[in-house]
Amino acid sequence: MTRLSRGRFITIEGGEGAGKSTNAEVVRSVLERYGFGVLATREPGGTPLAEEIRSVLLGPRDEAVDPMAETMLIFAARAQHVARVIEPALRAGRWVLCERFTDSTFAYQAGGRGVAAEAVAKLAELAHPGLWPDLTLYLDAAPDAAMTRISTRSLDRFERERRDFFDRVREAYAVRARERPQIVRIDANRDLASVQREIVRAVEGFLSVHGKA
Ligand code: TMP
């Protein structure tokens with residue numbers, strides 16, 4: 001009997017308005033073209049409970065939210081998402097494509113809010129022991145251009161942050177990208193066609209090494 005091979009875990013990261021959802025569609029279509037079954041999901045969210053936590057996290061509120069409370073809510077959602085959706089799918093041989101994961105927490109809660117990166121790493125080990133993305137596509141966009149793209153929508157609690165918050169988020173992503181070879185930085189300041197060409201190249205490059213059983 002042949003054992004079903006485990007799927008791969010791919011994440012898409014980036015700041016506000018970097019084009020994660022549009023480009024996730026590109027990644028999905030490349031994977032499907034190569035015959036992989038894909039489960040597309042997002043964070044915070046991905047299960048009914050985790051989506052409820054997302055609403056709690058994103059809704060604007062008068063009460064100042066403590067950075068550690070925010071971090072723990074994110075990891076509560078993540079633990080549920082990993083246990084109920086991500087791990088079962090990977091075990092069943094499906095490829096999981098997730099918009100945002102723990103690199104977002106290093107960027108936003110450690111970089112943006114000032115939570116210790118060591119605390120984020122410890123919570124990550126508790127919430128998803130041994131599970132890290134096999135490939136992360138990091139869409140790097142300058143905060144100014146990205147904020148213009150989202151300025152027509154009504155803003156959530158994160159999008160209302162000031163410019164210096166997003167500069168710290170971007171810097172923390174840059175640090176993470178230097179530390180983890182699984183992170184591929186894509187310059188998202190260019191036109192969509194160029195960004196998408198580079199994404200296709202990155203995914204095909206990954207498949208040529210990791211796409212076999
Ligand atoms: P999205 O709208 O880009 O999906 O993300 C929702 C917001 O949640 C976004 O502003 C970033 C924030 N976020 C964190 O601060 N930390 C995290 O770990 C995740 C997953 C999201």
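- Pairs of residues two or more places apart, or lying in two chains, that qualify as salt bridge (charged side-chain N to carboxylate O under 4.0 Å, His left out) and include a residue from residues 51-67 are Arg42-Glu51.
- Counting only residues at least two apart or on different chains, the salt bridge (charged side-chain N to carboxylate O under 4.0 Å, His left out) pairs with a member in residues 30-41 are Arg28-Glu32, Arg33-Glu204.
- Listed here is the closest heavy atom pair of Ala24 and Ile12: CA-CD1, 3.4 Å.
- In the hydrophobic clustering of ILVMFWY residues, with side-chain heavy atoms under 4.5 Å counting as a link, Phe36 and Val30 come out together.
- The two residues Val195 and Ala188 come nearest to each other via the heavy atoms CG2-CA, 3.9 Å.
- Counting all heavy atoms, side chain and backbone alike, Phe158 lies closest to Leu57 at CE1-O, 4.0 Å.
- Residue pairs meeting the side-chain hydrogen bond (donor to acceptor under 3.5 Å, both in side chains) criterion with at least one member in residues 76-89, sequence neighbours excluded, are Arg6-Glu87, Thr41-His81, Glu43-Arg78, Glu43-His81, Arg78-Thr102, Arg78-Thr105.
- In this model, a donor atom of one side chain and an acceptor atom of the other lie less than 3.5 Å apart for Ser104 and Arg100.
- Of all the heavy atoms in Gly112 and Val169, the pair that sits closest is CA-CG2, 4.1 Å.
- Ion pair Arg176/Glu179 flagged as a salt bridge, since at least one NZ, NE, NH1 or NH2 atom sits closer than 4.0 Å to an Asp/Glu carboxylate oxygen.
- One finds a salt bridge joining Glu70 and Arg157 here, because a Lys/Arg side-chain nitrogen approaches an Asp/Glu carboxylate oxygen to under 4.0 Å.
- Residues Ile74 and Trp132 are members of separate hydrophobic clusters, defined by side-chain heavy-atom contacts under 4.5 angstrom among Ile, Leu, Val, Met, Phe, Trp and Tyr.
- Between the side chain of Arg160 and the backbone N or O of Leu155 there is at least one donor-acceptor pair closer than 3.5 Å.
- Here the straight-line distance linking atom CG of Leu137 with atom CG of Asn23 works out to 9.0 Å at 0.5 Å rounding.
- Minimum heavy-atom separation, Phe106 to Ala172: O-CB, 3.8 Å.
- Here the shortest heavy-atom pairing between Gly46 and Val85 reads O-CG2, 3.5 Å.
- The shortest distance between side-chain heavy atoms of Phe206 and Leu31 does not fall below 4.5 Å.
- Arg180 and Tyr138 share no donor-acceptor pair across their side chains, judged by distance under 3.5 Å alone.
- A distance-only check finds no donor-acceptor pair linking the side chain of Asp140 to the backbone of Asp187 [under 3.5 Å].
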